[in-house]
Amino acid sequence: MIWKGLNTLGIGRETAKALRKTGAEVVALSRSYEDLESLARECPGVQTICVDLADWSATEKALSSIGPVDILVNNAAVAILQPFLAVTEEAFDRSFAVNVKAVLHVSQIVVHQMIERGVPGAIVNVSSQASQCALLDHSVYCSTKGALDMVTKVMALELGPKKIRVNSVNPTVVMTEMGRVGWSDPQKSKPMLNRIPLGRFAEVEDVVHSILFLLSDKSSMITGSCLPVDGGFLAC
């Protein structure tokens, strides 16, 4: 399989480790050489490729030599938070380049290979509850995740006849290392927690288990779905 996007203690890293534990051959892509090095030390056997996925030609070159791919997790993302009236062109372009364009491009490369080999496949895009709910200072981020959900659905529609399933996971706030720091202030976290029926934020494992399910044969009749991993946030 191929998995792209890495942060030190985040969803992508833990997904790569979980897949490796199942015996999968994992190829991890990130623009951070340090993160890839630490992953390789922690999880021997993972193949790493350092590339900025927002760079179209560099991504194409980096992926030209990878072996057969059966499953893909698109996890790379940036969150540049600005009030609507202060959104910059740089923030807009960078956000869409990483959060949407890179997903489309990597998926194209992988799917072409799947079709040439005549094999089924499964793709999971890591989206967000922000794709379906407006959040302050998130106009660009929400827009990229809304676009990603629609890319997921169109991919599912067009690739279904090729037996390639495409879904997304849409988590609420996730308690990564960064999430714990960013949401440790009760004044900030309480209003959000009050909107979550289960009364807590997601743990990294909650999202990883959802990704593994959507990649597995246990979800063989599921495609085009955007799976909330939000404790009921979007239901209210």
Side-chain angles (χ1 to χ4, degrees), residues 1-5 11-12 14-16 18-29 53 59 63 66-77 96 98-133 141-172 174 202 204-235:
M1 62 81 64
I2 183 173
W3 158 80
K4 76 179 186 70
I11 296 166
E14 295 306 312
T15 301
L19 285 165
R20 185 65 185 145
K21 284 179 182 176
T22 70
E25 296 293 327
V26 177
V27 182
L29 278 66
L53 294 165
T59 299
L63 294 183
I66 62 168
V69 176
D70 299 302
I71 57 177
L72 168 66
V73 179
N74 288 309
N75 175 73
F96 272 88
V98 176
N99 297 5
V100 184
K101 187 174 76 171
V103 173
L104 186 147
H105 189 211
V106 172
S107 298
Q108 283 181 330
I109 294 170
V110 168
V111 168
H112 276 305
Q113 187 194 88
M114 289 176 178
I115 293 172
E116 287 172 5
R117 292 166 53 221
V119 298
I123 298 172
V124 175
N125 298 324
V126 179
S127 185
S128 168
Q129 70 179 19
S131 69
Q132 301 174 49
C133 178
Y141 183 77
C142 287
S143 299
T144 64
K145 293 303 185 178
L148 180 58
D149 282 2
M150 192 50 67
V151 169
T152 298
K153 291 176 182 294
V154 175
M155 287 172 65
L157 175 65
E158 295 188 7
L159 302 179
K162 305 293 185 183
K163 309 304 179 191
I164 298 170
R165 298 184 301 106
V166 187
N167 295 286
S168 74
V169 291
N170 296 57
T172 183
V174 181
V204 173
E205 310 88 74
D206 296 322
V207 185
V208 172
H209 293 161
S210 300
I211 292 170
L212 295 182
F213 168 68
L214 290 173
L215 291 173
S216 75
D217 290 340
K218 292 181 180 179
S219 63
S220 62
M221 195 57 184
I222 301 175
T223 193
S225 294
C226 300
L227 177 64
V229 187
D230 66 350
F233 179 92
L234 292 173

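Because only heavy atoms are used, hydrogens play no part in the values below, and waters and symmetry mates are left out as well, while side chains stay in. In this chain, numbering begins with 1 at the start of the sequence shown.
Closest approach of Gly12 to Asn75, counting heavy atoms only: CA-ND2, 3.4 Å. When all heavy atoms of Ile71 and Met114 are compared, the pair lying nearest together is N-CE, 4.2 Å. The two residues Ala156 and Thr223 come nearest to each other via the heavy atoms CB-OG1, 3.4 Å. Across all their heavy atoms, Cys133 and Cys142 have their closest contact at O-SG, 3.6 Å.
Side chains of Ser219 and Asn167: no donor on one and acceptor on the other come within 3.5 Å.
The line from OG1 of Thr15 to CG of Leu212 is 6.5 Å long, rounded to the nearest 0.5 Å. One finds the CG atom of Leu234 at 8.0 Å from the OG1 atom of Thr172 (value rounded to the nearest 0.5 Å). Taken from CG in Leu157 to OG1 in Thr152, the straight-line distance is 12.5 Å, to the nearest 0.5 Å. Here Leu227 contributes atom CG and Ser127 contributes atom OG; the two are 11.0 Å apart, rounded to the nearest 0.5 Å. Interatomic distance, Gln113 CD to Leu63 CG, rounded to the nearest 0.5 Å: 9.5 Å.
Under the salt bridge (Lys or Arg N to Asp or Glu O under 4.0 Å) criterion, no residue pair touches residues 147-157, with sequence neighbours excluded. Residue pairs satisfying the salt bridge (Lys or Arg N to Asp or Glu O under 4.0 Å) criterion with at least one member in residues 105-130, sequence neighbours excluded, are listed as follows: Asp70-Arg117.
When atom types are taken as modelled, the side chain of His209 and the backbone of Glu205 share a donor-acceptor pair closer than 3.5 angstrom. A donor-acceptor pair under 3.5 Å links the side-chain atoms of Arg165 to the main chain of Leu214, judged by distance alone. A donor-acceptor pair under 3.5 Å is formed between the side chain of Lys145 and the backbone N or O of Val126. Gln129 contributes no side-chain N or O that, together with a main-chain N or O of Phe233, makes up a donor-acceptor pair within less than 3.5 Å.
Side-chain contact between Ile164 and Ile123: present, with at least one pair of heavy atoms (C-beta onward) separated by less than 4.5 Å. With a 4.5 Å cut-off on side-chain heavy atoms, Lys101 and Phe96 do not count as touching. Residues Asn170 and Ser131 are in side-chain contact: their nearest non-hydrogen atoms beyond the backbone lie under 4.5 Å apart.
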Exercise. Tell me, with the steps shown, if Ser107 and Asn74 meet side-chain contact (heavy atoms from CB on, under 4.5 Å).
Key: CA-CA 8 Å; Ser107 298; Asn74 288 309; 3.0 Å; yes
Exercise. For the pair Ile211 and Ile11, evaluate side-chain contact (heavy atoms from CB on, under 4.5 Å) and give the outcome as yes or no after the intermediate values.
Key: CA-CA 10 Å; Ile211 292 170; Ile11 296 166; 3.9 Å; yes
Exercise. Verify side-chain contact (heavy atoms from CB on, under 4.5 Å) between Leu53 and Leu29, making sure each step is shown before the conclusion.
Key: CA-CA 8 Å; Leu53 294 165; Leu29 278 66; 3.7 Å; yes
